[in-house]
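Single-structure report; data block below.
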Amino acid sequence: MRGVEGRIFEEFSPGYYGICTVGGMLSAGATHVAVTPLDVLKVNMQVYPIKYHGMASGLSVLWREQGPSSLWRGWSGKLFGYGIQGGCKFGLYEYFKKLYSDLLVDRNSSLVFFLSSASAQVFADVALCPFEAVKVRVQTQPSFAKGLVEGIPKLYRTEGLSGFYRGILPLWGRNLPFSMVMFSTFEHSVDLIYQQVLKRRKEECSRTQQLGVTCMAGYAAGAVGTVISNPADNIVASLYNRKAENVVQAVKDIGFVNMFRRSLPVRIMIVGPVITLQWFLYDTIKVLSGLPTSGGIRSRLEEEANLSI
């Protein structure tokens with residue numbers, strides 16, 4: 001394959017996956033830190049639903065009882081935890097998407113997207129889980145610790161290594177469906193916008209137009225994924241704060257309807273803009289490296305084949 005002018009690395013090379021990993025780390029870490037106050041509110045609404053029963057009243061209670069600094073509790077866990085998770089998720093997704101596209105040439109593209117995102121998310125959540133365990137406790141138990149530096153050794157002393165991975169199964173239960181739906185929705189939204197709205201191939205659009213498509217597809221992906229993953233998100237918060245000893249008990253305590261409804265509005269406010277901004281920053285980094293924006297694995301493979309002729 002001939003080199004493309006302006007690109008630091010060619011697509012699907014080790015350097016390409018490195019850029020995707022760094023882009024995922026920077027975009028995910030930065031965006032998650034930015035919405036820390038809403039995340040603090042969300043977790044407290046899940047763990048203490050009677051006290052924090054609404055967004056406005058919940059923020060008022062946190063501000064009044066614990067001060068404005070309480071809204072930024074757990075920021076370090078979000079920066080490092082979700083930064084590492086984002087690097088694994090985006091970098092490995094690109095790798096697995098190419099791998100499965102080569103293996104499943106004649107299969108439906110949705111299958112490729114589902115398998116790629118699920119494979120990447122499994123590894124990403126293993127990396128995230130210890131940070132998430134500390135973050136949730138810091139946000140809901142002010143006396144537990146001030147941040148990661150204090151929280152990690154304290155959690156290890158009190159609960160051992162198992163304490164860091166207490167919520168790995170419900171975390172997978174939350175993030176695997178979210179990731180599968182989010183990436184698939186994004187990919188299909190990108191194709192839909194180019195084919196039905198712009199009626200042009202991506203290669204014929206400017207970089208600004210391509211990034212605009214990324215933002216629209218990113219918001220759709222975040223909103224749909226949030227609804228799918230909300231029950232598991234409530235279960236994770238309950239387990240980490242020992243409101244329940246296992247998933248079955250958590251489901252009984254929360255209630256079937258409340259699993260879908262509790263904290264959903266605030267999660268949509270968090271996740272929609274966060275996913276949009278993540279995709280925008282991620283694709284901006286790719287564009288600055290001379291790479292195309294995300295979406296359309298088939299068309300890129302066809303372009304690669306044409307260039308090799």
Side-chain angles (χ1 to χ4, degrees), residues 1 4 9-21 23-24 28 85-127 169 171-205 210 213-214 216-229 232 275 278-279 282-283 286 291-309:
M1 176 177 174
V4 178
F9 297 104
E10 291 306 316
E11 283 186 276
F12 316 123
S13 67
Y16 167 77
Y17 295 122
I19 288 177
C20 294
T21 300
Q85 186 214 37
C88 294
K89 181 169 66 175
F90 282 94
L92 289 175
Y93 173 73
E94 298 284 359
Y95 171 78
F96 283 119
K97 186 168 69 167
K98 176 65 166 64
L99 176 66
Y100 292 133
S101 292
D102 291 341
L103 294 175
L104 306 172
V105 176
D106 298 323
R107 298 302 180 95
N108 187 281
S109 59
S110 293
L111 178 62
V112 173
F113 302 147
F114 284 150
L115 290 175
S116 303
S117 54
S119 300
Q121 194 67 52
V122 167
F123 292 100
D125 282 349
V126 170
L169 292 180
L171 195 63
W172 277 332
R174 178 188 74 184
N175 290 345
L176 280 173
F178 174 84
S179 185
M180 293 168 70
V181 171
M182 188 271 287
F183 277 104
S184 181
T185 301
F186 176 85
E187 297 275 5
H188 287 301
S189 296
V190 168
D191 287 339
L192 179 67
I193 293 170
Y194 282 119
Q195 294 174 11
Q196 303 299 325
V197 180
L198 297 178
K199 300 184 184 300
R200 298 164 64 186
R201 296 175 66 248
K202 180 169 69 173
E203 293 76 17
E204 298 171 351
C205 298
Q210 291 182 27
V213 171
T214 292
M216 288 188 286
Y219 190 84
V224 175
T226 299
V227 176
I228 298 297
S229 63
I275 295 299
Q278 275 185 25
W279 277 109
Y282 175 67
D283 270 359
K286 291 175 70 175
L291 296 167
T293 54
S294 301
I297 182 67
R298 296 297 180 188
S299 63
R300 278 187 287 166
L301 290 176
E302 290 171 2
E303 179 187 359
E304 178 182 349
N306 291 334
L307 287 172
S308 63
I309 297 175

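Contact between S110 and N108 at its shortest, heavy atoms only, is N-OD1, 2.7 Å. Minimum heavy-atom separation, Y16 to E94: OH-OE1, 3.1 Å. Contact detail for P292 and K286: the closest heavy-atom pair is O-CE, 3.4 Å. Considering all non-hydrogen atoms of both residues, C88 and A127 come closest at SG-CB, 4.4 Å. Contact between E187 and G295 at its shortest, heavy atoms only, is OE1-CA, 3.1 Å.
Annotation: side chain of W279 is not in contact with side chain of V190 (no heavy-atom distance under 4.5 Å). For the pair T226 and I275, the minimum side-chain heavy-atom distance is 4.5 Å or more. Between F178 and I228 the shortest side-chain heavy-atom distance does not fall below 4.5 Å. Between K98 and Y17, the closest side-chain pair of non-hydrogen atoms falls below 4.5 Å. Looking at heavy atoms from C-beta onward, F183 lies out of side-chain contact with S116 at the 4.5 angstrom threshold. Annotation: side chain of W172 is not in contact with side chain of Q121 (no heavy-atom distance under 4.5 Å). In this structure the side chain of K97 reaches within 4.5 angstrom of the side chain of F113, judged on heavy atoms.
S189 places no side-chain N or O within 3.5 Å of a backbone atom of A217 that could act as its donor or acceptor partner. Under the 3.5 Å distance criterion, the side-chain polar atoms of T185 are left unmatched by any main-chain donor or acceptor of M182. Listed for the K89 side chain is no donor-acceptor partner under 3.5 Å among the backbone atoms of A28. One N or O on the side chain of Q210 and one on the backbone of C205 form a donor-acceptor pair closer than 3.5 Å. Side chain of K202 to backbone of T293: a donor-acceptor contact under 3.5 angstrom is found.
How far CD of Q196 is from CD1 of I193: 11.0 Å, rounded to the nearest 0.5 Å. For the atom pair CG of L92 and OG1 of T21, the computed distance is 6.5 Å after rounding to the nearest 0.5 Å. The line from OG of S109 to CG of L104 is 11.5 Å long, rounded to the nearest 0.5 Å. Going from atom CZ of R107 over to atom CG of L115 covers 10.0 Å, rounded to the nearest 0.5 Å. How far CG of D125 is from CZ of R174: 7.5 Å, rounded to the nearest 0.5 Å.
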Inset, instruction - List the steps and the verdict of side-chain hydrogen bond (donor to acceptor under 3.5 Å, both in side chains) for Y93 and S179. - result: CA-CA 10 Å; Y93 173 73; S179 185; over 6 Å; no
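Relative ring orientation between F123 and F96 is described as parallel, the plane-to-plane angle staying below 30° on a 0-90° scale split at 30° and 60°. Ring planes of Y282 and F90: tilted class, angle from 30 to 60°.
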